[in-house]
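For reference, the structure discussed in these notes is given below.
In what follows, chains are A, B, ... by sequence order, proteins preceding strands, each numbered from 1.
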Number of protein chains: 2
Amino acid sequence: MVVDGALPTTTSPGGQVTSANSLTAEDLGSAAQRDRRKRILDATIVLATKGGFDAVQMRSVAEQADVALGTLYRYFPSKIHLLVSALGREFERAEGQLRDKPVDGDTTAERVIILLKRLTRGLQGDPHLTEALTRAFMFADASVQQEIHAVGMLLTRMLTRAMHPDRDSVTDEDVAIARVIGDVWLSALVAWVTGRATAAETAQQMEVAVSLLLRG
Amino acid sequence: MVVDGALPTTTSPGGQVTSANSLTAEDLGSAAQRDRRKRILDATIVLATKGGFDAVQMRSVAEQADVALGTLYRYFPSKIHLLVSALGREFERAEGQLRDKPVDGDTTAERVIILLKRLTRGLQGDPHLTEALTRAFMFADASVQQEIHAVGMLLTRMLTRAMHPDRDSVTDEDVAIARVIGDVWLSALVAWVTGRATAAETAQQMEVAVSLLLRG
DNA sequence: GGCACAATAGGAACGCGTTCCACCTCGTCC
DNA sequence: GGACGAGGTGGAACGCGTTCCTATTGTGCC
């Protein structure tokens, strides 16, 4: 689902040549710049929550974040980069919460189901936000590789951790299974956000996939 | 992945109120109208093959198909509808070929792998076309339900038929497995068309998923 | 043939993502 | 403190999807 390749480089705020815009706040220039970046992502989330993908208009984001349009584009080279970066921040938050309060359940399958339900519920509570972020994710091209990769890693890590709470003994097969589950989750999510499936159907589809993959 | 719900209705060429534009050529008015529709889809495929999603510009499609812009929108209410309809036609073609020359292979898993490889090879031979069609598919919202549903059904049918060449004995679990495989295929395809995975990685991901789902 | 009306042509206009440009501001170095 | 350069502002402009409007053409009905 997520693989590295040649990384395009660009100049991002701070001046140095870095590999695209990183999700993590590392090495991101001055406090003022970190603050602008945060304001932009906050505005993005607010607008996406209110009206979904279409409501995240670059002019509106710039206005709400109190930066000029050109500045917005300096921080995030496209609407897709912006939304995927926002998605990354949300996933980091989710993973943090998960670390504080891991899923419990007796079997591997049960824990994975619980994790997915928790994630999905969190998303379905904010349908517009989810729609915006999911669409951006699926529309992203190679120039957004790095941000996509980060999100994919987080998802896989959350899944393998639910499979093996004891952190050890994560085999290659476990990772492969986690990726397959992640793929199915994404497809189901796309069907849900685009109005082709109900929340219940999405949940059921996940259960089916997990039970098929983790039986035995 | 694909579920029915309330079907929006609209007036399509021919005058009657039908449920959106159907993929099949059934009930589609006069010969002139069927011809226009064909010309439009042909133009779409040509442009998509040449330059991908971005190259399929509504003005260009209209010009190449020798219809006015307004007419194009009368036949296909959006670029997404247009591309998903084109995808549907390609899938119908693929299923026809498959009917003439079914996959052979000794085990269920083997046949499914072969089918997926054949499908994928067909697509990867036309990277731009595949990019255009896949992106449209992932970006489609509820208004494209019917076309999406048709494509999903075709894919599932091809998969279950590969699993059970003898046509009978297709269980609910088989269908569920086919859907999961379809979802993984889509996710892998998206990763490939957006330049985040190589063709080889995509193929390997498919093999992993199939072996996980069809083991035993 | 003539009428009524749906379908098409042709093209202007609008919205939003994106690019570009002229000018301003602020920290840094001499 | 003055020059300089990166980063920021404000806004015009461009491209393409989409909508809309006014002829003009085709088509079924009498």
Side-chain angles (χ1 to χ4, degrees), chain A residues 10-18 21 28-40 43-44 47-48 51-85 132 135-136 139-141 143-144, chain B residues 10-18 21 28-40 43-44 47-48 51-85 132 135-136 139-141 143-144:
Chain A
T10 135
T11 330
S12 64
Q16 333 87 320
V17 171
T18 68
N21 285 298
L28 267 193
S30 70
Q33 282 167 348
R34 250 171 298 137
D35 186 55
R36 273 202 186 83
R37 185 185 163 86
K38 177 178 183 319
R39 286 209 312 274
I40 291 173
T44 304
L47 289 169
F53 189 86
D54 290 342
V56 180
Q57 301 183 1
M58 300 304 269
R59 288 171 177 86
S60 312
V61 172
E63 188 181 1
Q64 173 124 4
D66 202 35
V67 297
L69 190 55
T71 306
L72 173 52
Y73 273 93
R74 162 174 281 272
Y75 279 77
F76 300 95
S78 79
K79 176 170 172 171
I80 299 295
H81 280 84
L82 173 59
L83 282 167
V84 174
S85 297
R135 292 199 123 154
F139 209 67
D141 68 0
S143 73
V144 205
Chain B
T10 137
T11 329
S12 63
Q16 334 86 323
V17 171
T18 68
N21 285 299
L28 266 192
S30 70
Q33 282 168 350
R34 249 172 300 142
D35 186 56
R36 272 202 185 81
R37 186 186 162 86
K38 178 179 182 318
R39 287 209 312 273
I40 292 173
T44 303
L47 289 169
F53 189 87
D54 290 340
V56 180
Q57 300 184 1
M58 299 306 268
R59 289 170 177 86
S60 312
V61 172
E63 188 181 1
Q64 173 123 7
D66 202 36
V67 298
L69 190 55
T71 306
L72 172 53
Y73 273 94
R74 161 174 281 273
Y75 279 76
F76 301 95
S78 78
K79 175 170 172 173
I80 299 296
H81 280 83
L82 174 60
L83 283 167
V84 175
S85 298
R135 293 197 121 157
F139 208 66
D141 68 1
S143 73
V144 205

Quiz prompt | Selection from C/dG17, D/dG17, C/dA7 that lies nearest to any side-chain heavy atom of A/K79 | solution =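 Shortest atom-to-atom distance from the side chain points to C/dG17.
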Quiz prompt | Between C/dG17 (C1') and A/F76 (CZ): distance, integer Å | solution =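 Taking atom C1' of C/dG17 as the reference, CZ of A/F76 is at 16 Å.
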Self-check item: Length of the CZ-P vector between A/R74 and C/dC20, whole Å
Solution: 14 Å
Self-check item: Side-chain N or O of B/Y75 closer than 4.0 Å to phosphate OP1/OP2 of C/dT8
Solution: yes
With the criterion being N/O to N/O and under 3.5 Å, what pairs connect the protein with nucleotides 22-30 of chain D, and how long is each?
none

Quiz item: With B/T71, which residues qualify under side-chain hydrogen bond (donor to acceptor under 3.5 Å, both in side chains), at least two apart?
Solution: none
Quiz item: Any idea how A/F139 and B/F53 line up, ring-wise: parallel (<30°), tilted (30 to 60°), or perpendicular (>60°)?
Solution: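 Judged by the thresholds at 30° and 60°, the geometry between A/F139 and B/F53 is perpendicular.
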Practice problem: For DNA chain D, determine which residues of residues 54-64 of chain B have any heavy atom closer than 4.0 angstrom to one of its atoms, and list them numerically. | Solution: B/V56, B/Q57, B/M58, B/R59
Quiz item: What residues form a salt bridge (Lys or Arg N to Asp or Glu O under 4.0 Å) with B/R59, not counting sequence neighbours?
Solution: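 B/R59 satisfies salt bridge (Lys or Arg N to Asp or Glu O under 4.0 Å) with no other residue.
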Quiz item: Who are the salt bridge (Lys or Arg N to Asp or Glu O under 4.0 Å) partners of A/R36, not counting sequence neighbours?
Solution: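 For A/R36, no residue satisfies salt bridge (Lys or Arg N to Asp or Glu O under 4.0 Å) once neighbours in sequence are set aside.
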Any protein N or O atoms within reach of nucleotides 9-11 of chain D? Criterion: under 3.5 Å, listing atom names and distances.
from	atom 1	to	atom 2	distance (Å)
D/dT9	OP2	A/A68	N	2.9
D/dT9	OP2	A/T71	OG1	2.5

Quiz item: Does atom CD of A/Q64 have more than 12 heavy-atom neighbours, drawn from other residues, nucleotides or ligands, at distances under 6.0 Å?
Solution: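 Yes, because the 6.0 Å sphere around CD of A/Q64 holds more than 12 heavy atoms from other groups.
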